[in-house]
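Naming: A, B, ... by sequence-line order, numbering from 1 per chain.
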Number of protein chains: 2
Amino acid sequence: MSKKRKAGKRGRKAFSLPLLTVDSVLFTYHEKSLKVLLVQRSSEPETGKWGLPGGIVDIETDKDIESTALRKLVEKTSVEPPFFDQLESIGNQTRDPRGWSVTVVYTALIAHQNCEQHVSTVSDVQWFEIEEALKMKLAFDHRNIVLSARERMRQRALYSILPGYALAEKFTLSELQHLHELLIGKSIQKRSFRRRIEQAELLVDTGEKRQEGGRPAALYRLKNVSMTHRFVRNLEAS
Amino acid sequence: MSKKRKAGKRGRKAFSLPLLTVDSVLFTYHEKSLKVLLVQRSSEPETGKWGLPGGIVDIETDKDIESTALRKLVEKTSVEPPFFDQLESIGNQTRDPRGWSVTVVYTALIAHQNCEQHVSTVSDVQWFEIEEALKMKLAFDHRNIVLSARERMRQRALYSILPGYALAEKFTLSELQHLHELLIGKSIQKRSFRRRIEQAELLVDTGEKRQEGGRPAALYRLKNVSMTHRFVRNLEAS
DNA sequence: CCAATAGTGTCTATCAGACATTATCTA
DNA sequence: TAGATAATGTCTGATAGACACTATTGG
């Protein structure tokens, strides 16, 4: 049971510790497609490959792992995402060529326009359409991480309107529905989608309209409850 | 961006690394109550306090963090739980007096009888009724972790029969329902509970009966699909 | 007028809640 | 017989699916 750890005040030396990193899967919706933010690695290992924004926890300056992940994300986009939460942690001997390493992964959502100004000015940070990203040879096990994050978002699209945080502050119901359809992977009945949102009172009608080829669409804003609301009954998965 | 990390082959020295531990919240159902396994700490820090079974990742022998958590759990109970999955990770400067530390937390379920033989022989490992455990002064931030794990199980009780893994191999529907009621915190309509389980074909009727004061109850066994099945419609939360 | 997009009316099917009723055991 | 626990019958209400319909814009 207590075989090794004798260590006093700072027993770090008794054990060889794994490398600890954080990674974030930041999604957005833009031009009718779901995109994920990737960063081209400039340092060892896996130099040159595209991977998730993240990095090593700095215990001198970071107060917790969430701060680390946010800090790394802000370095790449210059803004804090309105939605950000922990997905999973992956730790093993083989995922990093440097040896045993653990990464704590976060999922985040942001409006495309809210970080495009910064992203578009640098060449090593870029949005990729999700299917395209999954076809790439990503660094480390980042492809699997993106898959997990998408699956989590897919589930959420079935029982919440959390994906709305990937849209601009004001958005149309058609935009929100299409994003859900992308995540779920099938079309949704317009009536069902709108009915449940209206009944749960999750959105605020801004009164404004936006036109795009047909009848102008009402613009809505997320209420704060949208972050936590779960419908009792899900949309059908398949 | 890439300010520090210069490190070569084994760049561990460039950064001061946080302590990495795992902890498990193991639940069971026994004598009509929900119990959690706690361990009395025999080593520094927090010696003497009760806390979650867990420990430091040993990168020499563990192939991944899940193995570490399972290994630690088996050390305390001598058996592997039939359900085991990751809950969350917590990492900050203040949770451990030794300094910056990260713990990867798992939730597990096991039948009480399947580990009672070992648990009852040692004095530093013990089942506590959950409410009682939450009133205790647990080590580190373990009380908060138990709260998170319970909340996760509560959600699962609403949309699955996963809690069934905390029961013996053969169990009655009344037992399963009562466990769900403990998790959800309110009573469930018997008809609703049974109907949905029957329709989804999640259980196997063993043909055996068990009697306890009234009409004998049929004994069921979990099908493997019970691990992953999610009802489209949840039970009502409140 | 037509094309395109937004939004509504309304019927049906499913399934959880509620609660009464029947079934099977012991004492 | 009564008491206890298990199991079922059946009605109601809520809500998602399906799909036709109306509404509002531009050309």
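Contact annotation: side chain of Arg233(B) to base of dC15(C), donor-acceptor pair present below 3.5 Å.
The aromatic rings of Tyr106(B) and Phe84(B) lie parallel to each other, their planes meeting at an angle below 30°, with 60° marking the opposite boundary. Note: Phe231(A) and His229(A) have perpendicular aromatic rings, judged against thresholds of 30 and 60 degrees for the angle between ring planes.
His178(A) and Tyr29(A) share a side-chain donor-acceptor pair at under 3.5 Å.
Across the protein-nucleic acid pair, Asp205(A) atom CG and dA6(C) atom P stand 14 Å apart, rounded to whole Å. Between Gln199(B) atom CD and dT14(C) atom P the separation is 9 Å, expressed in whole Å. Atom NZ in Lys209(A) sits roughly 13 Å away from atom C1' in dT5(C) (whole-Å rounding). When rounded to the nearest whole Å, the span between CD of Glu198(B) and C1' of dA16(C) equals 15 Å. Separating the CD1 atom of Ile197(A) from the C1' atom of dG7(C) is a distance of 13 Å, rounded to the nearest angstrom.
The shortest distance between side-chain heavy atoms of Leu70(A) and Pro81(A) falls below 4.5 Å. At a threshold of 4.5 Å between non-hydrogen side-chain atoms, the residues Arg71(A) and Val22(A) do not count as touching.
Under the side chain to side chain contact (heavy atoms under 4.5 Å, CB included) rule, Arg150(B) has a single partner from Val25(B), Val36(B), Leu134(B), Ile145(B), which is Leu134(B).
With a heavy-atom cut-off of 4.0 Å to chain A, the contacted part of DNA chain D has its first and last nucleotide at dT15(D) to dG26(D).
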Mind running side chain to side chain contact (heavy atoms under 4.5 Å, CB included) on Asp141(A) and Arg95(A) for me, showing each step along the way? CA-CA 6 Å; Asp141(A) 52 0; Arg95(A) 59 179 302 277; 2.8 Å; yes

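Listed by chain and residue number, nothing satisfies the ring pair (Phe, Tyr, Trp, His ring centres under 6.0 Å) test with Phe27(A) (two or more places apart in sequence, or in another chain).
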Scan nucleotides 17-27 of chain C nucleotide by nucleotide, 5' to 3', and note B when protein non-hydrogen atoms come under 4.0 Å of the base, S if they reach only the sugar-phosphate, - if neither. BBB---BBBS-

